[in-house]
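This report concerns only the one structure given below.
It should be emphasised that the depicted structure is a prediction, and the values quoted were computed from it without experimental measurement.
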Amino acid sequence: MANQEPSRSLLWPAVLVGIGVAGSLDEIVLHQLLRWHHFYDRGSQAAGLIADGIFHLGSTATLVIGLVLLMTRWRTGRDPLRQAVAGILVGAGGFNLYDGIIQHKLLGLHQVRAGAPNNLPYDLVFIAIAAVVLLAGLLLLRLASSPSATPSRTVRNWGNG
């Protein structure tokens, strides 16, 4: 019998995709293009580059595993696209919220922009964007889980009022 609850089978793979996307974008944009920080900023430049490489391998592996699982579990049913997008947003927002609060502030592994005279504006924007993405994903997930989530496909004949 087919799984009657596709949200359960799509949620975690989509969350993995979101984590992989967030990690890869962080690595590509903040680490490589803007050169604002490394995954580990407390050591030498070489240590930072090695840490970045390991982080990039991990985020890419997470993205690939999530995509493979998502594609193998994809089912037609109650709005799988909405469920997948919700999971991706939850994963990306949750990962960046964890990164901004735990890794940046509590552990001090790196800052959003290492060497900036004041990191607070960068932290606030980074954490705020993460929170908005996470909340958007949770809201979309709630909408996708509600019984009325599937839009009506009824065709109305507007000419015969």
Exercise. Do R142 and L138 pass the side-chain contact (heavy atoms from CB on, under 4.5 Å) test, and can you show the C-alpha distance, the side-chain angles, and the key distance before you say yes or no?
Worked result: CA-CA 6 Å; R142 183 174 178 174; L138 291 172; over 6 Å; no
Reported [atom1]-to-[atom2] distance for the pair [X] and [Y], which is rounded to 0.5 angstrom:
X: L70; Y: L11; atom1: CG; atom2: CG; answer: 10.5 Å
X: D52; Y: Q32; atom1: CG; atom2: CD; answer: 7.5 Å
X: I19; Y: D99; atom1: CD1; atom2: CG; answer: 11.5 Å
X: Q83; Y: I88; atom1: CD; atom2: CD1; answer: 12.0 Å
X: I54; Y: L49; atom1: CD1; atom2: CG; answer: 11.5 Å
X: L135; Y: L139; atom1: CG; atom2: CG; answer: 8.5 Å

If you compare all heavy atoms of [X] against all heavy atoms of [Y], which two are closest, and at what distance to 0.1 Å?
X: L141; Y: A86; value: N-CB, 3.4 Å
X: L10; Y: P80; value: CD1-CB, 3.6 Å
X: A84; Y: W74; value: CB-CZ3, 3.7 Å
X: L69; Y: T72; value: O-OG1, 3.0 Å
X: K105; Y: G100; value: CG-O, 3.4 Å
X: I127; Y: I101; value: CD1-CG1, 4.0 Å

If Ile, Leu, Val, Met, Phe, Trp and Tyr residues are connected whenever their side-chain heavy atoms lie under 4.5 Å apart, and connections chain through other members, are [X] and [Y] in the same group?
X: L109; Y: F95; result: yes
X: L25; Y: L63; result: yes
X: V90; Y: I102; result: yes
X: V17; Y: M71; result: no
X: V133; Y: V125; result: yes

Problem set entry | Backbone N/O of H56 and side chain of S59: donor-acceptor pair under 3.5 Å |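 Side chain of S59 to backbone of H56, a donor-acceptor pair under 3.5 Å: yes, one is there.
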Exercise. Which of parallel (below 30°), tilted (30 to 60°) and perpendicular (above 60°) describes H110 and F39?
Worked result: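 Because their plane-to-plane angle lies in the 30° to 60° range, the rings of H110 and F39 count as tilted.
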Exercise. Can D26 and H37 be said to form a side-chain contact (heavy atoms from CB on, under 4.5 Å), step by step?
Worked result: CA-CA 10 Å; D26 181 275; H37 67 262; 3.8 Å; yes
Exercise. Ring pair (Phe, Tyr, Trp, His ring centres under 6.0 Å) between H104 and F126: does it pass, once the steps are laid out?
Worked result: CA-CA 10 Å; H104 295 179; F126 189 89; 5.0 Å; yes
For this session: For I129 and N96, run side-chain contact (heavy atoms from CB on, under 4.5 Å): C-alpha distance rounded to whole Å, both residues' side-chain angles, the deciding distance at 0.1 Å, then the answer.
Result: CA-CA 9 Å; I129 290 171; N96 280 335; over 6 Å; no
For this session: Report the C-alpha separation of Q111 and W36 in whole Å, then their side-chain angles, then the decisive distance to 0.1 Å, and conclude whether the side-chain contact (heavy atoms from CB on, under 4.5 Å) test is met.
Result: CA-CA 8 Å; Q111 297 297 319; W36 280 7; over 6 Å; no
